[in-house]
There are 2 protein chains.
Amino acid sequence: MKLLIVEDDQFHASFMVETVGEILPEVSEITHVANGGEGEEEAKSGEYPAVILDLQMPGRNGVEAARTIWAAHPETRILFWSNYADEAYLRGITTIVPETSAYGYVLKTTSTNRLGLALRAVLIEGQIMVDREINRYHQRATTPRSTLTESEFSVLVDLALGLTDKLIADRRAMSLRSVQNRLLSLYQKLEVDDEGGAFNKRTRAVNRALLTRMLNVETLIAAERELGPWYAKKLARSK
Amino acid sequence: MKLLIVEDDQFHASFMVETVGEILPEVSEITHVANGGEGEEEAKSGEYPAVILDLQMPGRNGVEAARTIWAAHPETRILFWSNYADEAYLRGITTIVPETSAYGYVLKTTSTNRLGLALRAVLIEGQIMVDREINRYHQRATTPRSTLTESEFSVLVDLALGLTDKLIADRRAMSLRSVQNRLLSLYQKLEVDDEGGAFNKRTRAVNRALLTRMLNVETLIAAERELGPWYAKKLARSK
DNA sequence: AGCTAAATTGCGGGAACCCGCAACAGGTTT
DNA sequence: AAACCTGTTGCGGGTTCCCGCAATTTAGCT
């Protein structure tokens, strides 16, 4: 079985190569590339039933790479690993993972034991496995900040891109007032409080989302790339 | 000579220990801790003339750790190393480095050669050394986006914290209109354009600053911690 | 001291934002 | 069928933001 490793940090890459060598005798050949673009290129061949993807990389990040890989080969099993337990990543992954495939998400700080377990479970057995450290964010109803719905999240992204209410309404195909309602519930869930005119709710919400790792810069970069074409088309349409 | 290494990634830490062992025979003893808080604690003893600090760490980050270390022992030589060439880090460092000391800033992706050079130059010779990849950001007048002044930057931080114009004016001790002038020049330098009502300049500016790495989340976390006490005092005052 | 460029502040108004109130639709429960 | 919960939309007005205009202060230079 051939395995593709996409990882820009050479120390982490060599550690991963070594670990896989020890734990997965099924793997006959390991290819290692150092960024998302090369990873997509390499995976295009369809020779890799299993891929390990770093999430934060210069250029195209892991989620974007996964999207194009899965678009061409939906059965590919992908193990993501990352420095951070950002909810934004998990959200990005779960919305693009195909039914037919398997994925995993482990932190780089996990023990070698748990990493080995994930390697086997996801890449060999085709299970879905998410590090409990990450999952913690996803479903703790105990905290005041509850999870966002899908539509709330997309409005949050647009907000963080710096769009006006009107343009968000346009993009997400809803009325202006609905957008503002979404924002209202966002403010509540992010615990954004006016405090008597001390805070600008709009930017404060972005701040809270970033600090709670509900949103991250990589996601914004990717979102910006998606916004570009849409906006250009809109301009052409309105002329 | 005793050396303190503060680094949360174990692979990077062991690589650094190894490299130092090879390149700096002057170092007789290496202590390694895994986060900023422990680093400050360890450095309090004053036994370390030289420190190597990772910048992004869970909990207290490298810039904050450096501040407390330098506050107690201003002659300490500190080499920062980081995954990212964020202008925000460099700005944070240059504003706190004491006259009597030396510092360096290298990327984790630099060659072992250059890293060795920096180790010797900064920790042994007491020079100041900044990776050219980072310095690039600092002083390229050629790009449309020119560098921010100190006061523009502080307004940018407050903006990203989600404060209103009024509160920024209060905090930075200037008039409301001045704050707005600062914002105006910020918008220009960050190339924030209204585009006929499509963008909210406020959030768009934060977005641009984050994507160009002029600002980063770690800086925001630190800024939030500074804001807290001031705001509490203000509330008490106004009562 | 005197002159000029740059920065600071006040004023005013148009636009966007924030949100309470209220009407309405679709789906679920009783 | 009636009550109910959730999500969408319009309207109105109070607030903040954005910025042109103009007067004033500060900083830098001769």
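Atoms CG (Asn181(A)) and C1' (dC21(C)) sit 12 Å apart, rounded to a whole Å. The CZ-P distance, from Arg172(B) to dT9(C), rounds to 15 Å in whole Å. When rounded to the nearest whole Å, the span between CG of Asp194(A) and C1' of dG20(C) equals 15 Å. Between the P atom of dT8(C) and the CG atom of Leu183(B) lies a distance of 13 Å, rounded to the nearest Å. Here dC17(D) presents its C1' atom at 11 Å from CG of Leu159(B), a figure rounded to the nearest Å. Whole-Å rounding puts the Tyr187(A) OH to dC19(C) P distance at 7 Å. Between Leu184(A) atom CG and dC21(C) atom C1' there is a gap of 13 Å when expressed in whole angstrom units. Counting to the nearest Å, the P atom of dT9(C) and the CD atom of Gln180(B) are 12 Å from each other.
In terms of polar N and O atoms assigned as donor or acceptor, the side chain of Arg177(B) comes within less than 3.5 Å of the base of dG20(D) in a complementary pairing.
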For a side chain to side chain contact (heavy atoms under 4.5 Å, CB included) check, start with the C-alpha distance between Thr110(B) and Leu107(B), then their side-chain angles and the critical distance, and finish with the verdict. CA-CA 6 Å; Thr110(B) 359; Leu107(B) 290 177; 4.1 Å; yes

Steps toward salt bridge (Lys or Arg N to Asp or Glu O under 4.0 Å) verdict (Asp194(B), Lys201(B)):
CA-CA 6 Å; Asp194(B) 194 50; Lys201(B) 294 200 166 191; 5.3 Å; no

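Among the heavy atoms of the strands, none lies under 4.0 Å from Leu176(A).
A salt bridge is defined here as a Lys NZ or Arg NE, NH1 or NH2 lying under 4.0 Å from an Asp or Glu carboxylate O, and Glu191(A) with Arg204(A) fails to meet this definition. Using a 4.0 Å cut-off between charged nitrogen and carboxylate oxygen, Glu40(B) and Arg67(B) do not count as a salt-bridge pair.
In this model, the phosphate group of dC19(D) is approached by a side-chain N or O of Lys201(B) to a distance below 4.0 Å at OP1 or OP2. For dT8(C), the OP1/OP2 oxygens have no side-chain nitrogen or oxygen of Ser178(B) closer than 4.0 Å.
Between Arg114(A) and Asp131(A), the shortest heavy-atom contact is NH1-OD1, 3.6 Å.
When the nearest nucleotides of DNA chain C are assigned to Lys166(A) and Met174(B) by heavy-atom distance, the more 5′-ward of the two goes with Met174(B).
You'll find that the side chain of Thr164(B) is closest to dC17(D), out of dC17(D), dG7(D), dC17(C).
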